[in-house]
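Given the structure is predicted, the values throughout are model-derived calculations rather than measurements. Basis for what follows: all heavy atoms, side chains included, without hydrogens, waters or symmetry-related copies. In what follows, chains carry the letters A, B, and so on, assigned in the order in which the sequence lines appear, proteins first and then strands, with residues in each chain numbered from 1.
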Number of protein chains: 2
Amino acid sequence: MRILVIEDDALLGDAIQAGLKQSGYAVDWMKDGVSADQALGTEPYAAAVLDLGLPRMSGLEVLKRLRSRNIPIPVLILTAMDSVDDRIRGLDAGADDYLVKPFDMGELAARLRALVRRASGKTSPALHVAGVELEPAAHRVLYRDKAIEFPAKEFAVLHALMLNAGRVLSRAQIEEQLYAWGEEVESNAVEVYIHHLRRKLFPELIETIRGVGYLIPNDKNV
Amino acid sequence: MRILVIEDDALLGDAIQAGLKQSGYAVDWMKDGVSADQALGTEPYAAAVLDLGLPRMSGLEVLKRLRSRNIPIPVLILTAMDSVDDRIRGLDAGADDYLVKPFDMGELAARLRALVRRASGKTSPALHVAGVELEPAAHRVLYRDKAIEFPAKEFAVLHALMLNAGRVLSRAQIEEQLYAWGEEVESNAVEVYIHHLRRKLFPELIETIRGVGYLIPNDKNV
DNA sequence: CGCAAGCTTAAGAATTGCTTAAGCGGCGAA
DNA sequence: TTCGCCGCTTAAGCAATTCTTAAGCTTGCG
């Protein structure tokens with residue numbers, strides 16, 4: 001799950017990036033409006049965290065341009081305590097939620113989670129597919145009522161596949177979820193994670209579509 | 001278009017039912033959580049309007065059970081003005097939108113419309129022709145309710161032909177679907193794929209138009 | 001009847017994915 | 001701080017499938 005953080009303050013940006021990484025997101029960090037605008041147009045982010053005071057192009061402008069291009073990703077804006085006006089204008093311009101600085105990293109992560117979930121529409125907090133239950137918030141997976149542990153990346157792959165149950169995800173699509181800019185891999189990492197998932201759960205869970213990608217089939221029943 | 005309204009307050013429920021009927025929906029009205037839960041499991045609703053405070057089973061519980069059964073219909077929850085917590089928990093439990101009481105009937109109708117549109121847009125369109133069903137997203141083909149496997153290229157050929165059912169595709173047009181620039185083949189590859197398709201499905205599915213190309217005829221009946 | 005277009009088959013080539021294992025780096029414990 | 005563990009990334013060999021090609025055969029049409 002990939003998030004774009006747009007924040008010009010180095011200290012704060014660093015903290016946000018670190019905190020969100022901790023929560024398992026792949027985080028890109030842009031420090032001005034123009035780069036952010038561009039990145040939002042090209043990369044498949046699940047959400048954006050946007051400070052309104054930015055150099056080169058204001059956060060509000062970034063937001064407006066985003067919406068005018070009909071890109072519906074959830075945007076959470078960061079505002080100073082005293083700028084109620086900004087907050088209102090942000091929400092008017094299409095922001096989905098806001099947080100007043102200073103804020104707690106846990107809360108930011110929680111809100112992002114809620115936003116992403118809501119945006120993806122039909123996703124409940126716990127995903128149930130093929131007897132596997134995955135709780136994104138708790139970073140927990142249950143199979144046959146037993147908790148199974150997954151390291152961050154394995155979890156992310158499983159999450160992506162379960163979110164898209166019934167749809168094929170190409171290896172490239174999965175990689176985009178796992179890695180932020182400049183930390184792409186060039187190996188068969190995804191294959192290895194798939195292998196681990198199959199071993200810890202059961203092999204039939206994930207189907208291979210040769211030359212296309214991977215897929216967790218939708219349940220028919222239940 | 002059928003909508004389920006779950007609301008225990010007689011006055012409000014009546015108003016909602018009337019208002020939505022006005023907007024052209026067929027409206028069922030349940031007054032407690034248990035009946036609603038049951039109805040949602042059996043009837044094909046396009047969306048649900050859910051009050052969170054319900055007798056017998058709370059709205060939140062209804063929602064959770066709905067999602068745990070992987071039923072992805074859009075749910076709009078109704079919350080009291082002061083219960084921000086409920087709203088959050090509702091969204092966390094998989095609601096798609098919310099409305100704070102009291103609300104305007106026009107707005108409710110508008111939001112439902114938006115939700116339904118969004119939800120139906122996400123359903124990947126399956127192609128049905130001549131008893132063959134092809135789901136692009138799942139990379140899956142069903143014939144006589146049996147799944148049949150196709151390697152990437154064969155699938156691509158079938159997909160192209162079904163997308164253009166009733167129209168002749170030249171061999172060159174089919175090849176364009178299969179190969180990126182600079183990797184054209186110079187052989188009878190397409191003929192070979194056509195042959196495989198005919199064998200796995202049935203020979204009459206694909207007609208040969210000599211000197212022109214290939215064609216899957218349109219069904220007369222659906 | 002003869003030719004061209006398309007069908008069928010088969011086999012080698014190429015690609016793709018699976019599996020295993022090892023090195024590396026970070027993080028926590030001692 | 002140092003050590004050891006764990007997770008992440010690579011790499012390489014192997015197995016299987018898929019792709020391409022070509023050759024011979026069949027069919028339809030003039």
Side-chain angles (χ1 to χ4, degrees), chain A residues 1 17-19 21-27 139 141 148-161 168-216, chain B residues 139 141 148-161 168-180 182-216:
Chain A
M1 190 123 306
Q17 184 173 43
K21 269 190 179 164
Q22 194 91 31
S23 299
Y25 295 108
V27 184
H139 197 278
V141 176
I148 301 185
E149 309 240 323
F150 290 94
K153 301 277 178 182
E154 288 177 26
F155 186 87
V157 173
L158 183 60
H159 188 192
L161 285 170
V168 180
L169 291 186
S170 70
R171 199 164 327 160
Q173 285 176 308
I174 295 175
E175 279 169 3
E176 278 175 356
Q177 304 286 319
L178 294 189
Y179 303 100
W181 260 32
E183 52 171 45
E184 282 86 7
V185 290
E186 34 198 296
S187 77
N188 56 352
V190 171
E191 288 172 30
V192 176
Y193 296 136
I194 296 276
H195 180 57
H196 292 161
L197 291 175
R198 283 177 173 153
R199 196 172 42 187
K200 289 187 186 173
L201 296 164
F202 55 99
E204 301 76 28
L205 176 66
I206 301 171
E207 287 181 17
T208 301
I209 311 290
R210 245 177 170 260
V212 184
Y214 297 93
L215 153 81
I216 294 183
Chain B
H139 198 274
V141 176
I148 302 185
E149 311 230 325
F150 291 93
K153 303 266 174 178
E154 289 177 24
F155 187 89
V157 173
L158 182 60
H159 189 191
L161 285 170
V168 182
L169 290 187
S170 70
R171 201 162 325 165
Q173 284 176 307
I174 295 175
E175 278 169 5
E176 275 174 14
Q177 304 285 321
L178 295 189
Y179 303 99
E183 55 169 37
E184 282 82 10
V185 291
E186 31 197 298
S187 77
N188 57 349
V190 171
E191 287 173 29
V192 175
Y193 295 135
I194 295 278
H195 178 58
H196 292 160
L197 292 176
R198 283 175 172 154
R199 195 173 41 184
K200 289 188 185 172
L201 296 164
F202 55 98
E204 302 75 28
L205 175 66
I206 301 171
E207 287 181 15
T208 302
I209 311 293
R210 256 188 161 243
V212 184
Y214 297 93
L215 152 81
I216 293 183

Q: For C/dC18, take OP1 and OP2 only and decide whether either is under 4.0 Å from a side-chain N or O of A/Thr208.
A: yes
Q | Nucleotide nearest B/Arg199 (side chain, heavy atoms from C-beta), chosen from C/dG6, C/dC18, C/dT9 | A | C/dT9
**Q.** Whole angstrom value for the distance that separates C1' of C/dT19 from CD1 of A/Ile206
**A.** 15 Å
Q: Looking only at side-chain atoms of B/Val192, point me to the closest of D/dA22, D/dC19, D/dC8.
A: D/dA22
Q.
Counting the atoms with a prime plus P, OP1 and OP2 as sugar-phosphate, which does A/Ser187 contact under 4.0 Å by heavy atoms, base, sugar-phosphate, or nothing?
A. base
Q: Rounded off to whole Å, could you give me the NZ-to-C1' distance for the B/Lys153 and C/dT16 pair?
A: 13 Å
Q. In whole Å, what is the span from the CZ atom of A/Arg171 to the P atom of C/dT16?
A. 8 Å
Q: Look at the side chain of A/Gln17 and the backbone N and O of A/Val27, then say whether any donor-acceptor pair between them is shorter than 3.5 Å.
A: yes
Q: Confirm from the modelled atom types if A/Arg210 and C/dT16 form a donor-acceptor pair under 3.5 Å, side chain to base only.
A: yes
Q: Using a heavy-atom cut-off of under 4.0 Å over every strand shown, decide if B/Glu154 touches base, sugar-phosphate, or nothing.
A: nothing
**Q.** Point-to-point distance, once rounded to the nearest 0.5 Å, from CD1 of A/Ile174 to CD1 of A/Ile194
**A.** 5.0 Å
Q. Atom CD1 of B/Ile194 and atom C1' of C/dT8: how far apart are they, to the nearest Å?
A. 14 Å
Q.
Under 4.0 Å, heavy atoms only, any strand: does A/Phe155 hit a base, just the sugar-phosphate, or nothing?
A. nothing
Q: Send over the distance from A/Tyr193 OH to D/dT10 P, rounded to a whole Å.
A: 9 Å
Q: Keeping the roles fixed (side chain from B/Lys153, backbone from B/Tyr179), state whether a donor-acceptor pair exists under 3.5 Å.
A: no
**Q.** Spacing of A/His195 atom NE2 relative to C/dT20 atom C1', expressed in whole Å
**A.** 8 Å
Q) For A/Leu197 and D/dG7, what is the distance between atoms CG and P respectively, to the nearest whole Å? A) 13 Å
Q. Atom CZ of B/Arg198 and atom P of C/dC7: how far apart are they, to the nearest Å?
A. 5 Å
Q: Look at the side chain of B/Asn188 against the base of C/dT8 and say whether a donor-acceptor pair falls under 3.5 Å; ignore hydrogens and angles.
A: yes
Q. Between D/dT20, C/dC7, D/dT9, which nucleotide gets closest to the side-chain atoms of A/Tyr179?
A. D/dT9
Q: Please round to the nearest 0.5 Å and tell me the distance separating atom CD of B/Glu154 and atom CG of B/Leu201.
A: 9.5 Å
Q: Inspect the contact between B/Arg171 and B/Glu191 and indicate whether a charged nitrogen and a carboxylate oxygen are less than 4.0 angstrom apart.
A: yes
